[in-house]
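Every value quoted in this text rests on a predicted model; they were computed, and no experiment measured them.
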Amino acid sequence: MAATGELAQPAKHQEVGHKSLLQSDALYQYILETSVYPREPESMKELREVTAKHPWNLMTTSADEGQFLNLLLKLINAKNTMEIGVYTGYSLLSTALALPEDGKILALDINRENYEIGLPIIEKAGVAHKIDFREGPALPLLDQMVDDLSFHGSFDFIFVDADKDNYLNYHKRLIDLVKIGGVIGYDNTLWNGSLVAPADAPLRKYVRYYRDFVLELNKALAVDSRVEICQLPVGDGITLCRRIS
């Protein structure tokens, strides 16, 4: 039972994209209201509010993770990036705002209709020219890029928030495409906290289905000598991989 002082706090998932693994929802709300929302660009706030009305809004990147990605891209001076899994474009907009005027994002998603929900806001923010959106499965395009040596080591940053059952397949290809010293970010690597749940725990069907794929990815990244890694409990968990060889 929650402590008496917590009874009046906002319910879990009240905020769109609320995937925090913090035990206290009140503490997560404090982070949002103190450090995130006051500094959230107006365009990102608008897109977050539009996305909140979509039936699949839980798929969106959380506001605190969007802020984290924006700052990370500035810290590493990213210019050429890729995003696999776009949805309505909240993380994409965060990236586009962080990149220099001549920065580029190759954005891949199987559903252009969702992307077009956020596109007017992205255009109004003046960053649509940085985005090259491609509709369709990512793996065939990645295979073409891997076969073309001119793409090897050409990306400063790659963010993956797509089909978890293909994360390892993506990694096998992306490791050639990101530059040495560049970063790949894999989202949802703590997967609703289910990774340490008992085998008989009552989990939502999709959570249980993808859990083993996320576990497999985490094990593989932990022993991959080509990257340095850091797994952070931001949002639903994000693992950063810095390519070193």
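At least one side-chain heavy atom of L97 sits less than 4.5 Å from a side-chain heavy atom of S43. Using a 4.5 Å heavy-atom cutoff, the side chains of Q67 and E40 are not in contact. A heavy-atom distance below 4.5 Å is found between the side chains of W56 and N114. The closest side-chain heavy-atom distance from E135 to D109 is not below 4.5 Å.
Using a 4.5 Å cut-off between side-chain heavy atoms of Ile, Leu, Val, Met, Phe, Trp and Tyr, with links allowed through other members, L139 and L141 fall into the same hydrophobic cluster. Linking Ile, Leu, Val, Met, Phe, Trp and Tyr whenever their side-chain heavy atoms come within less than 4.5 Å puts M82 and L217 in one cluster. Both L174 and V146 belong to a common hydrophobic cluster when Ile, Leu, Val, Met, Phe, Trp and Tyr are linked at side-chain heavy-atom distances under 4.5 angstrom. Under the 4.5 Å side-chain contact rule for hydrophobic residues, Y167 and F155 share a cluster. Clustering ILVMFWY residues whenever any of their side-chain heavy atoms sit less than 4.5 angstrom apart, transitively, puts W191 in a cluster other than the one holding L168.
A donor-acceptor contact closer than 3.5 angstrom links the side chains of K74 and N70. Side-chain contact, R204 with N192: a donor N or O sits under 3.5 Å from an acceptor N or O. Between the side chains of E83 and S91, at least one donor N or O sits under 3.5 Å from an acceptor N or O.
The minimum heavy-atom distance linking L190 with P233 is given by the pair CD1-CA, 3.9 Å. Here the shortest heavy-atom pairing between A125 and L93 reads CB-CD1, 4.1 Å. Closest approach of I84 to A138, counting heavy atoms only: CG2-CB, 3.9 Å. Annotation for A107 and I131: closest pair CB-CG2, 4.1 Å, computed over non-hydrogen atoms. The shortest heavy-atom contact between S225 and I244 is O-CD1, 3.6 Å. The shortest heavy-atom contact between G66 and T61 is N-CG2, 3.9 Å.
Atom CG in L69 sits 5.0 Å away from atom CD in E65 (nearest 0.5 Å). Put simply, CG on L221 and CD on E216 are 10.5 Å apart, with the number rounded to the nearest 0.5 Å. Atom CD1 of I122 sits about 11.0 Å away from atom CD1 of I117, to the nearest 0.5 Å. Within the model, atoms OH of Y87 and CG of L92 stand 14.0 Å from one another, a figure rounded to the nearest 0.5 Å. Taken from CG in L47 to CD1 in I121, the straight-line distance is 4.5 Å, to the nearest 0.5 Å. The line from CE of M44 to OG of S94 is 4.0 Å long, rounded to the nearest 0.5 Å.
Remark: I110 CD1 is loosely packed, at most 12 non-hydrogen atoms of other residues, nucleotides or ligands lying under 6.0 Å away. Around atom NZ of K45, no more than 12 heavy atoms belonging to other residues, nucleotides or ligands sit under 6.0 Å away.
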Please test I229 against L240 for side-chain contact (heavy atoms from CB on, under 4.5 Å), starting from the C-alpha separation and ending with a verdict.
CA-CA 5 Å; I229 68 170; L240 302 179; over 6 Å; no
Pair Y28, D64 - check side-chain hydrogen bond (donor to acceptor under 3.5 Å, both in side chains), show working.
CA-CA 9 Å; Y28 180 61; D64 55 322; 2.9 Å; yes
* Would I180 and S245 count as a side-chain contact (heavy atoms from CB on, under 4.5 Å) if you check the C-alpha gap in whole Å, the side-chain angles of each, and the deciding distance to 0.1 Å? -> CA-CA 6 Å; I180 292 179; S245 67; 5.6 Å; no
- Message: Apply side-chain contact (heavy atoms from CB on, under 4.5 Å) to residues V183 and F159 and explain how you reach the verdict.
- Response: CA-CA 8 Å; V183 177; F159 183 58; over 6 Å; no
task: Could you walk me through whether T88 and T51 pass the side-chain hydrogen bond (donor to acceptor under 3.5 Å, both in side chains) test, one step at a time?
output: CA-CA 7 Å; T88 61; T51 303; 2.8 Å; yes
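Just one residue in the list T189, N188, D187, D212 forms a side chain to side chain donor-acceptor pair (under 3.5 Å) with K164, and that residue is N188. Residue D156 forms a salt bridge (charged side-chain N to carboxylate O under 4.0 Å, His left out) with just one option from K104, R243, K79, K179, and that option is K179.
Applying the side-chain contact (heavy atoms from CB on, under 4.5 Å) rule to D165 yields the partners D163, Y209, Y210, F213; only residues at least two apart in sequence or on another chain are considered.
Between R242 and E228 a salt bridge is recorded (basic side-chain N to carboxylate O distance below 4.0 Å). Contact check on R173 versus D143 returns a salt bridge, with a Lys/Arg side-chain nitrogen under 4.0 Å from an Asp/Glu carboxylate oxygen.
The aromatic rings of Y115 and F133 lie parallel to each other, with less than 30° between the two planes, well short of the 60° mark.
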